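Working notes for the structure below.
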Amino acid sequence: MLPLEIYKQLLVEFGPQHWWPKHCDKKRPGFDPRFEIIVGAVLTQNTSWKNVEKAIECLFEKNLLDAESISKTPLRRLESCIHSSGYYRQKAKKLKIVARFFLEHKKRPNREDLLSLWGVGKETADSILLYAFNHPIFVVDVYTRRLLAAHKQKKLSEADYDKIKGFFETQLPSDAKLFNEYHALIVRWGKEKI
DNA sequence: CTCCAGGGGGCCA
DNA sequence: TGGCCCCATGGA
């Protein structure tokens with residue numbers, strides 16, 4: 001079955017998943033919803049979204065949901081705030097690095113620069129580019145591989161990240177909205193443990 | 001009790 | 001490159 005048909009099937013079965021950007025409506029003067037997405041992309045590394053939400057809420061309550069604040073706040077304070085998201089020592093350090101990066105590159109980050117950051121791998125970099133900056137980039141994760149395997153694409157499911165990414169990007173129209181929803185639907189599908 | 005979540009880095013052969 | 005181990009909380 002073709003990737004686009006699988007997508008349509010998933011959309012009918014599960015409906016829109018409302019991933020980012022959704023309610024990034026934490027309205028405060030100068031609030032940049034993109035940075036909330038970036039923080040979420042880091043905090044959700046190998047972590048359930050439920051635990052991440054608590055951490056993001058804490059950051060918001062303490063006015064730490066922007067690059068300048070995260071850069072300036074003491075590491076310990078950051079760690080305690082994101083404690084619920086797990087790996088909190090590593091992630092606090094990652095947030096510091098990412099915050100500094102976005103303070104310096106206010107414009108549009110490219111994939112190579114993101115990947116050069118400690119704590120940002122391919123999936124996180126691509127999630128940031130897709131969900132925060134609306135680039136038509138297909139995000140690959142473990143569920144993507146399971147989906148391929150479930151559709152008799154065992155060989156491809158075991159290929160490296162960029163090969164799978166390239167497969168979907170060439171088989172689908174280059175549409176950020178589509179890639180956004182597709183990745184979310186794949187994750188949703190994966191949770192059903194089919 | 002075990003298993004795993006919207007991964008990534010370090011190390012070693 | 002590929003295989004392991006480590007990071008850590010919270011829910012099922």
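Every chain is numbered from 1, with letters handed out A, B, ... down the list of sequences. Note that the structure is predicted; figures quoted are calculated from it, not measured.
In this structure, A:Val120 and A:Val187 both approach DNA chain B, and ranking their closest nucleotides by distance from the 5' end singles out A:Val187. For A:Asn46 and A:Lys50, each mapped to the nucleotide of DNA chain C holding its nearest heavy atom, the one lying further toward the 5' end belongs to A:Asn46.
Close to B:dG9, at under 4.0 Å from its OP1 or OP2, lies no side-chain N or O of A:Lys122. Under 4.0 angstrom from either OP1 or OP2 of C:dA8 there lies no side-chain N or O belonging to A:Thr47. Under 4.0 angstrom from either OP1 or OP2 of B:dG10 there lies at least one side-chain N or O belonging to A:Trp118.
For the P atoms, the distance linking C:dG10 with B:dG8 amounts to 22 Å, nearest Å. Atom P of B:dG6 sits at a distance of 24 Å from the matching atom of C:dC6, rounded to the whole Å. Taking the C1' atoms as reference points, C:dG3 lies 22 Å from B:dA5, given to the whole Å.
Near DNA chain C, defined here as any heavy-atom distance below 4.0 Å, there are no residues from residues 167-177 of chain A. In the region residues 74-100 of chain A, proximity to DNA chain C at under 4.0 angstrom, judged on heavy atoms, holds for A:His83, A:Ser84, A:Gly86, A:Tyr87, A:Tyr88, A:Arg89, A:Gln90.
Considering all non-hydrogen atoms of both residues, A:Phe138 and A:Tyr161 come closest at O-OH, 4.1 Å. For A:Pro16 against A:Leu11, the heavy-atom pair with the smallest separation is N-CD1, 3.9 Å.
Residue-nucleotide stacking is present for A:Trp19 and B:dG6, judged by a side-chain ring centre under 5.5 Å from the six-membered base ring centre and planes under 30° apart.
Ring geometry, A:Phe101 versus A:His105: the interplanar angle falls under 30°, so the pair is classed parallel (tilted spans 30 to 60°).
At a threshold of 4.0 angstrom between heavy atoms, the contacts of A:Leu115 with the nucleic acid are absent. A:Asn51 comes within 4.0 angstrom of a nucleotide base, judged by non-hydrogen atoms across all strands.
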Could you walk me through whether A:Arg111 and A:Lys122 satisfy the side-chain contact (heavy atoms from CB on, under 4.5 Å) test, starting with their C-alpha distance in whole Å, then the side-chain angles of each, then the deciding distance to 0.1 Å, before giving a yes or no? CA-CA 8 Å; A:Arg111 191 172 192 250; A:Lys122 290 176 178 177; 3.8 Å; yes
Dump the intermediate steps for salt bridge (Lys or Arg N to Asp or Glu O under 4.0 Å) on A:Arg76 and A:Glu79, then the final yes or no. CA-CA 5 Å; A:Arg76 304 304 168 201; A:Glu79 288 177 350; 3.2 Å; yes
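No option in A:Ile6, A:Leu4, A:Val12 other than A:Leu4 meets the side-chain contact (heavy atoms from CB on, under 4.5 Å) test with A:Lys8.
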All N/O contacts under 3.5 Å from nucleotides 1-4 of chain B to the protein, with atom names and distances to one decimal?
none

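Applying the Watson-Crick and G-U wobble criteria (two distances, each under 3.5 Å), B:dG6 pairs with nothing in any strand.
A donor-acceptor contact under 3.5 angstrom links the side chains of A:Asp141 and A:Thr144, judged on distance only. Residues A:Thr47 and A:Lys91 have side chains that bring a donor and an acceptor to within less than 3.5 angstrom of each other.
A:Trp20 places none of its side-chain heavy atoms less than 4.5 Å from the side chain of A:Pro33.
Residue A:Glu104 qualifies as enclosed at atom CD: its count of foreign heavy atoms under 6.0 Å is above 12.
Distance check, rounded to the nearest 0.5 Å: CG of A:Asp32 to CG of A:Asp66 gives 9.0 Å.
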